[in-house]
Amino acid sequence: MANVRVKICGITRVEDALAAASAGADAIGLVFYARSPRAVSAAQARQIVAALPPFVTSVGLFVDASPCEIEETLDAVPLDLLQFHGDESPAQCARYRRPYIKALRMREEIDLAAVARDYAGARGLLLDTYVAGVPGGTGQAFDWTRVPQDLSLPLIVAGGLDADNVATAIAASRPFGVDVSGGVEQAKGIKDAAEIARFVAAVRGAPIA
Ligand SMILES: O=C(O)c1ccccc1N[C@@H]1O[C@H](COP(=O)(O)O)[C@@H](O)[C@H]1O
């Protein structure tokens with residue numbers, strides 16, 4: 001199995017993006033959702049993306065944003081990948097003709113095989129914890145043994161990960177990638193470089209079955 005990919009989400013400062021890149025993260029996430037404490041403006045995001053070294057993917061996260069809002073952001077910020085973290089339909093995700101991943105919240109009754117068929121145009125599915133009324137970034141984990149091993153799309157595990165539990169999460173779920181936000185922060189939207197480094201090291205050192 002290849003290295004588990006790492007995304008550090010909720011970056012609001014250039015220095016945190018550089019800390020993620022130096023630690024060996026594969027991607028950084030920029031939250032374009034005004035209600036998040038990690039929300040960035042297009043100008044802020046543009047500055048962060050411009051500072052990234054090559055081979056670090058910039059991911060723009062949207063939660064049920066309007067097409068107009070998304071188009072405006074895409075015009076202003078050279079994002080590599082879109083992350084739809086709300087109730088966007090497959091058609092809504094596809095309309096921007098950009099590579100995208102679809103985030104799903106792990107409700108008890110979710111049928112991931114059916115969802116993977118519906119979102120066949122996605123580059124992957126991001127699995128996050130279900131907390132009623134909160135779209136994501138909750139800091140809470142779900143039961144990682146629920147992650148299926150037989151889906152055609154790459155799966156990214158998120159929700160409540162940190163340097164101390166990510167190896168266990170990987171061993172239990174064998175994902176394509178992991179995504180973290182709150183677990184590497186000193187305050188909401190302010191990352192901790194040492195925690196980012198510890199997180200990436202824990203992923204890279206995690207035993208993979
Ligand atoms: O980070 C946010 O504020 C956020 C807001 C709305 C939707 C998604 C959000 N973040 C995503 O949630 C996961 C899990 O976050 P955490 O590690 O539990 O804090 C994060 O990786 C983002 O992709």
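Both ligands and their constituent atoms are indexed starting at 1 by order of listing.
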Using modelled atom types and a 3.5 Å cut-off, is there a donor and acceptor pairing between side-chain atoms of Gln92 and backbone atoms of Ser89? yes

Using a 3.5 Å distance criterion without hydrogens, assess whether the side chain of Glu88 forms a donor-acceptor pair with backbone atoms of Gly86. yes

Within residues 145-164 or reaching into it, pairs that qualify as ring pair (Phe, Tyr, Trp, His ring centres under 6.0 Å) - sequence neighbours excluded: none

Are Asp80 and Arg98 close enough for a salt bridge, meaning some N to O gap below 4.0 Å? no

Is any NZ, NE, NH1 or NH2 atom of the basic residue among Asp143 and Arg146 found under 4.0 Å from an Asp or Glu carboxylate oxygen of the other? no

Short N-O contact, Glu15 and Lys191, less than 4.0 angstrom: no

Contact table ligand 1 N or O to protein N or O, d under 3.5 Å:
unit_1: ligand 1; atom_1: 1 (O); unit_2: Arg38; atom_2: NH1; d: 2.9
unit_1: ligand 1; atom_1: 3 (O); unit_2: Ser36; atom_2: OG; d: 2.6
unit_1: ligand 1; atom_1: 3 (O); unit_2: Arg38; atom_2: NH1; d: 3.0
unit_1: ligand 1; atom_1: 12 (O); unit_2: Asp128; atom_2: OD2; d: 3.2
unit_1: ligand 1; atom_1: 12 (O); unit_2: Gly137; atom_2: N; d: 2.9
unit_1: ligand 1; atom_1: 17 (O); unit_2: Ser181; atom_2: N; d: 3.0
unit_1: ligand 1; atom_1: 18 (O); unit_2: Gly139; atom_2: N; d: 2.9
unit_1: ligand 1; atom_1: 18 (O); unit_2: Gly160; atom_2: N; d: 2.9
unit_1: ligand 1; atom_1: 19 (O); unit_2: Gly182; atom_2: N; d: 2.9
unit_1: ligand 1; atom_1: 21 (O); unit_2: Asp179; atom_2: OD1; d: 3.1
unit_1: ligand 1; atom_1: 21 (O); unit_2: Asp179; atom_2: OD2; d: 3.0
unit_1: ligand 1; atom_1: 23 (O); unit_2: Gln83; atom_2: NE2; d: 3.1
unit_1: ligand 1; atom_1: 23 (O); unit_2: Asp179; atom_2: OD2; d: 2.8

